[in-house]
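Residues: numbered from 1 along the sequence shown.
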Amino acid sequence: MARAGAPPEGFAEFVAARSHVLLRAAWLLTGDAGRAEDLLQTALARSWQHWDRIAKGGNPEGYVRRVLYNTYMSWWRRQWRGELPSAAPLEHAGAEDVAADSAGRDGLRRALARLTVRQRAVVVLRYVEDRTVAETAALLGCSAGTVKTLASRALQ
């Protein structure tokens, strides 16, 4: 057992080795770098509390990913979706104004933003992280049929 304030054994190493991959998944879910960092930090803080048990389970990354996705889905459920006033009009840059890779990332972000929270989670898990239907269903706590349906509707 770690002393108060000190990270549990193996936690700091896990964060150093896997946080960049988890941050990418968080960014794909939220579409915003700041919110992605907050999401990952929250998931890691929740995992910290149970790290001794998680590390013994043999798949700490899977557990943290599940916490990440569940936290994202609970944030989305509580999120206010009303209009927010803005002093400046929204910018809509043309494709000729940005580099190809930037446009690709922006296109991906916009496409993901149009999906429901569950569809987005399925698309990120299945097509970005290259997970199987069974792995995706286990991470999201739903059936394989639900994963297939959500993926099909998201791709439409």
Side-chain angles (χ1 to χ4, degrees), residues 1-86 101-102 104-155:
M1 183 64 123
R3 62 182 164 79
E9 185 177 332
F11 185 79
E13 293 81 7
F14 171 80
V15 172
R18 302 306 298 162
S19 63
H20 68 283
V21 175
L22 294 168
L23 182 60
R24 180 174 178 249
W27 181 85
L28 288 168
L29 288 170
T30 62
D32 177 74
R35 292 199 62 209
E37 290 171 353
D38 290 345
L39 176 60
L40 178 58
Q41 184 175 12
T42 301
L44 289 172
R46 289 180 179 175
S47 299
W48 164 295
Q49 299 170 7
H50 308 288
W51 189 253
D52 293 333
R53 180 176 47 86
I54 294 167
K56 290 177 187 170
N59 186 13
E61 184 174 347
Y63 185 94
V64 174
R65 280 185 184 278
R66 181 145 191 172
V67 172
L68 183 86
Y69 284 99
N70 288 342
T71 302
Y72 165 70
M73 290 171 66
S74 70
W75 280 8
W76 185 84
R77 284 184 203 110
R78 287 185 230 146
Q79 181 181 3
W80 180 69
R81 291 177 190 76
E83 291 183 22
L84 294 175
S86 175
D101 61 335
S102 178
R105 282 192 303 271
D106 187 53
L108 175 62
R109 183 188 56 79
R110 289 176 192 244
L112 288 172
R114 288 192 299 265
L115 301 177
T116 68
V117 65
R118 294 183 76 203
Q119 288 173 339
R120 182 186 290 206
V122 166
V123 167
V124 169
L125 285 168
R126 289 280 292 129
Y127 304 109
V128 176
E129 294 187 5
D130 201 25
R131 304 248 179 202
T132 66
V133 171
E135 289 172 333
T136 302
L139 276 169
L140 296 179
C142 61
S143 71
T146 300
V147 170
K148 291 176 186 178
T149 300
L150 289 170
S152 173
R153 289 180 182 161
L155 294 175

- Counting N and O atoms only, with roles assigned by atom type, does the side chain of Arg131 sit under 3.5 Å from a partner on the main chain of Arg126, one being a donor and the other an acceptor? no
- Query: Looking only at heavy atoms, which two atoms of Trp51 and Glu9 are closest? And how far apart?
  - Reply: NE1-O, 3.2 Å
- Which value, rounded to the nearest 0.5 Å, describes the distance between Arg118 atom CZ and Arg153 atom CZ? 10.5 Å
- Message: Rounded at 0.5 Å granularity, tell me how far CG in Asp38 sits from OG1 in Thr71.
- Response: 12.0 Å
- Item | Ala151 to Tyr127 - nearest heavy-atom pair and separation | CB-OH, 3.8 Å
- Looking only at heavy atoms, the pair that brings Ala144 and Ala137 closest together is N-CB, 3.9 Å
- Note on the structure: Between Leu68 and Leu40 the two heavy atoms that sit nearest each other are CD1-CA, 3.9 Å
- Between CD1 on residue Ile54 and CZ on residue Phe11, distance to nearest 0.5 Å: 8.0 Å
- So which heavy atom on Ala121 is nearest to which on Leu140, and how close? CB-CD2, 4.0 Å
- If you measure from CG on Leu28 to OH on Tyr72, what distance do you get to the nearest 0.5 Å? 10.5 Å
- Task: Ignoring hydrogens and angles, tell me if any N or O in the side chain of Ser152 forms a donor-acceptor pair with the backbone of Thr149 under 3.5 Å.
- Result: no
- Message: Would you say CD of Glu61 has more than 12 non-hydrogen atoms from neighbouring residues, nucleotides or ligands within 6.0 angstrom?
- Response: yes
- Message: For the CD atom of Glu37 and the CG atom of Asp32, what is their distance to the nearest 0.5 Å?
- Response: 9.0 Å
- Message: Quick one, Glu129 with Thr136, criterion side-chain contact (heavy atoms from CB on, under 4.5 Å). Give me CA distance, side-chain angles, the key distance, then yes/no.
- Response: CA-CA 10 Å; Glu129 294 187 5; Thr136 302; over 6 Å; no
- Kindly compute the distance separating SG (Cys142) from NZ (Lys148), expressed to the nearest 0.5 Å. 12.0 Å
- Query: Only one of Thr42, Val67, Val15 forms a side chain to side chain contact (heavy atoms under 4.5 Å, CB included) with Ser47, so which one is it?
  - Reply: Val67
- Message: Quick check: closest heavy atoms across Ala33 and Trp27, and the distance to 0.1 Å?
- Response: N-CD1, 3.6 Å
- Residue pair Arg24, Val128: steps toward the side-chain contact (heavy atoms from CB on, under 4.5 Å) verdict: CA-CA 10 Å; Arg24 180 174 178 249; Val128 176; 3.7 Å; yes
- Message: What verdict does the side-chain contact (heavy atoms from CB on, under 4.5 Å) test give for Arg66 and Asn59, after you've listed the backbone C-alpha separation in whole Å, the side-chain angles of each residue and the deciding distance to 0.1 Å?
- Response: CA-CA 11 Å; Arg66 181 145 191 172; Asn59 186 13; over 6 Å; no
